[in-house]
Enquirer: 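Dropping the structure in here first, questions after.
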Amino acid sequence: MAGDDRIAEFVELYSRYYPRLQYYLMALMPSANDAADVLQEVSLTLWKKFDTYEPNTNFYAWACKVARLQALKHRERLGKSARLIDDAILECLSDEASSDELDPAVSLDALARCLERLSERHRSLIRKRYQPGVSVSDLAFEAGCSANALSKLLGKIRRRLMDCVERTLASEGRR
Amino acid sequence: MKAYGDMEHRDDPKHETVDEIARLVDAVVDGVVTDEQSHRLNELLGRSVVERRCYLRCIAMHSALKSTAGNQVGRRIEELRQRLERNRVSQPDLYPRLVLGRRSSASLLRAAVVLFVVSPLALYVASRSDLARDPAVGGIVQSPGSSRQRSVVAADHPSSLLDIVRVVRISPQTLWSHPNESFAMDSVVRAGSRLRILEGEVELLYENGVNLILIGPVDFVLHERGGTLRRGGLMASVPQAGHGFTIDTPNGKVVDLGTEFGVMVDDFGVSEVSVFKGIVEAFPSRPDVARDGKIQLSEGSALQWNKEMVKSLEADPRRLPVTLASYPRPTYSHEAESNAIPIVPGGIMADSDFWTSLGETSRSADGVVLEGAPVQEEVPYLVSRDQFDPTAGPLTVICDIRFPQLAPDDVPSFSILTRCADDRSQMDRSWRDILSTCVRCNFRSANNETDGLLETSTKYERDRELTSISWGGFRRPQQGVAYRLVMRDDGVNVSFAVSHREQQLIAKTVTCRSLFQGYKNHIAIEGWKGGKVIVENVQIHQSKNEDLPARRSTRFDERVATRREAEQESRANELSKRIPSDAKLVVADDFDAPHLNQNLWSVLGDVHLSEGAVSLGNERDPDHIDTFHPRPYLLSRKAFAPEEGTLFVLGRIEFDENYLNGYGGSFAVMSRCTDRYGEGPEWAVSALSQGIRCNLWPAATRADHNIEIHEKTGPNSLTFLRGSGLKVDRTSRCYFFLMEDSGGRANITFQNIADPAISQTIACDTSDAAPRSGLIGFESCWGSRVILDDIQVFQRPGNPTSDNRTPQ
């Protein structure tokens, strides 16, 4: 049984690495809500297995191992036809996404600022898009256009955001 | 550690590959990926770590947007954690039992951790239909009516966790009727909760995606799948999952069939629904409206009803509560209205050019005297000759008055009327001399009493009496006392304040909502039939819409704009079909790279990349569009000789917002041009010294846009070859273009992207004096930039020159 200190440590680590775990799972399962579903399973499994985590070691790497297994189970459940990414590529992505090369958390502040620079309508569209349970086809239905057309518009806004984030980070000397 | 924007240059894949991967990831994440795209993504990811890193960079953006823009996970965790913390006091093991199927005996801290960690799992479980049907997790049920509405049931509050509704926005000025009943941002609102606000807006988000904006003053009771609007206004945006969303009003109900609509309930028993998208069904509580009591309304229509009548209207966005809520709140200080335009300053209130009299009115040293005629029982009026529609901008009428003589049994009265007709009712009734239709704010003595009354009324029709609401609680009008009365009407909300003129801060103020749309919109002031009232000063102000804070776009506007933009974004340049299949692509740039490709382009003047396109020029003073300043140019590095093969230059442009101001913006595509400005008089000096110039000149001073082909054979010459008009569509600033130059003949097509039917092509021969080869250039003018994108240049092999010339 873990002591209270151990529990507090878990809370701290889990909340700190939550965005990166989300990113890791999205890298393995980019389509729609797969990653969100598995992330919930992962959170429970991490807690169950936290006794096996060695303090002061790389929590993210440890959590990625757990997450990888959960992701593979999820793929099994989906069946072969629903798997978007080939098995061999998935293994490569798993290794590369679990490395410290990319950390989306580094960019969160910059992204929040860049979101504010969008027009109100584009910002509102992006926010709606990333609300849980909201699909592009829902939004397209609401707007009266095709999901493909809306996806392209969203893509344009995202690229604008990526450019903005890159410029912001560059100006702050963070890249 | 790097952010997702980081890419080692040595590892950079080609720009085209980066772009392709980004688009494929978008398609996957947005759920619109095709099998073909899926295969292509695997193919790219299988190539090398460089492509995979590019993929991960895109994924990182989506993930970051989920955290930053969506920001729901943290909020949901917190919400559930709070809820379960509350439950933990009485049922500390409730949550583990619900979710894990076992009891927990952990310490409080451990419980908190469990809640924190497991909350997302609960949401996950609740969102899985297969588990929701599993009796093993019996606390999880599926809500009736929607496969998307599933929630966890708490043992102590069975309904509290059904159909979660959250407060997602509270406007800064929001004033709750009862602070103890107010709701905080992000708080959960349970079915049966009553939300009453005096001012401001509160936005609610239902679990099924229904978005509801309550507009103060409003009194609303929340239901699981809708609510009861007792008073005030709301705007609902209902996605597919929310069909059947129902708003009850005091005299009927409105049922959504997948739409966007506004509902208003005024203080005189009138309900109104306006449909801005889709279909709603209105059920007025009147059995005679249809066999089943139902009236179906489609986009653009509105319905107003009370217990006596049903009236069809057009949905008017100006009456939207959302729009109205953007206006400044009612205020009675003269200073606060300083931005308004005073229509009638105090000194000219008796100006006969402005007013017309009904009944006895006269001028005195103190002002205008409205004198009733007891024998004829005629109420005197001053009625404005002009009409003032309050939906065009809130109206404020300020009157300073005195009752010079009052007997103890007099019933003095003074009224300010808005949305009124300019004739009397003339029916054989006690209200015969009241204006035939109006919204009336009245200050008077209660009959034979010592009390005073404030009364707001609506008179809907000539043959109908006033429908009124009265407020008491203060002294009747006193002889000789100078009063200040202020009425403000924004088209729906009417406020009325009475104070002593010298003590305006101590005012009695009443407000009401009247949905009555005036058949005429005069303003009037009304005396009383038993005696005199002296009107010492009248001021009428109307805040012009441009003086108001920028009107927040309605969801209707937003939807239309999003649809248009999405369609434009996805619309392929149909003009490309005109390019022969054997033409070779010689230049292509979508300008999505971080820097302008110096191998392809050079520039003259202010030309730079902007958000994945090229900005020809900078934003300028909107009214100053100068054609004599040197024009900005994007120029190809490479020279082309159309004699060696016909050139096809394809692209898209977007004019700046000011493009129809001043002399008008301009865009031109040129072939056979140099990289030097011209010389000589007038505007030729601002353009390149030579080339074939195909120009779209927006219709700032004309009925149509102009399309022209010019030829510049030298630095001080300009020859007009051919011109034609292009229909103006003021809702669109985006055009595709295709220029074709075969050496002896040029033609140009511009096509409105939003409406491809608006398209024009002109063609003409070029002279032998024209240059034979040169650069390809893109031009705007100083003062109105043009955004240029998706340039493609094709050249068709062969010598087309002589063949294509028009026979002489």
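Throughout, a chain's letter reflects where its sequence line sits, starting with A, and its residues are numbered from 1.
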Enquirer: Would you indicate whether the side-chain heavy atoms of A:E96 and B:R53 approach each other to under 4.5 Å?
Expert: no
Enquirer: Where does B:V33 contact chain A at under 4.5 Å (heavy atoms): side chain, backbone, both or neither?
Expert: side chain
Enquirer: What is the distance from atom CZ of B:R47 to atom CD1 of A:I89, rounded to the nearest 0.5 Å?
Expert: 11.5 Å
Enquirer: Answer with side chain, backbone, both or neither: which region of B:H62 has an atom nearer than 4.5 Å to a non-hydrogen atom of chain A?
Expert: both
Enquirer: Would you sort out whether A:K156 and B:D789 count as a salt bridge (charged side-chain N to carboxylate O under 4.0 Å, His left out), showing the intermediate values?
Expert: CA-CA 13 Å; A:K156 179 178 154 186; B:D789 206 356; over 6 Å; no
Enquirer: Report which part of A:L154 has an atom under 4.5 Å of a heavy atom belonging to chain B: side chain, backbone, both, or neither.
Expert: side chain
Enquirer: Check step by step if side-chain contact (heavy atoms from CB on, under 4.5 Å) holds for B:Y55 and A:I85.
Expert: CA-CA 12 Å; B:Y55 163 86; A:I85 295 175; 3.4 Å; yes
Enquirer: Kindly check if the number of other-residue, nucleotide or ligand heavy atoms within 6.0 Å of CD (B:E36) is above 12?
Expert: no
Enquirer: Are B:L45 and A:D86 close enough that some pair of their side-chain heavy atoms sits under 4.5 Å apart?
Expert: no
Enquirer: Drop me the distance from B:L56's CG to A:S99's OG, to the nearest 0.5 angstrom.
Expert: 8.0 Å
Enquirer: Looking only at non-hydrogen atoms, find the nearest pair between B:R52 and A:C92 and report the distance.
Expert: NE-CB, 3.5 Å
Enquirer: Would you indicate whether the side-chain heavy atoms of B:V25 and A:M26 approach each other to under 4.5 Å?
Expert: no
Enquirer: Who pairs with B:D35 by side-chain hydrogen bond (donor to acceptor under 3.5 Å, both in side chains), at least two apart in sequence or on another chain?
Expert: none
Enquirer: Between B:D26 and A:G155, what is the shortest heavy-atom contact and its length?
Expert: OD2-CA, 3.1 Å
Enquirer: Would you call A:R129 and B:L65 a side-chain contact if the rule is heavy atoms closer than 4.5 Å?
Expert: no
Enquirer: Report the distance from atom SG of B:C58 to atom CE of A:M162, rounding to the nearest 0.5 Å.
Expert: 4.5 Å
Enquirer: For chain A, find which of B:N42, B:V32, B:I59, B:D19 contributes the most heavy-atom pairs closer than 4.5 angstrom.
Expert: B:N42
Enquirer: Check whether A:R159 gets within reach of chain B through its side chain, its backbone, both or neither, counting any heavy atom under 4.5 Å.
Expert: side chain
Enquirer: Of the non-hydrogen atoms in B:S63 and A:P19, which two are nearest, and what is the gap between them?
Expert: OG-O, 3.6 Å
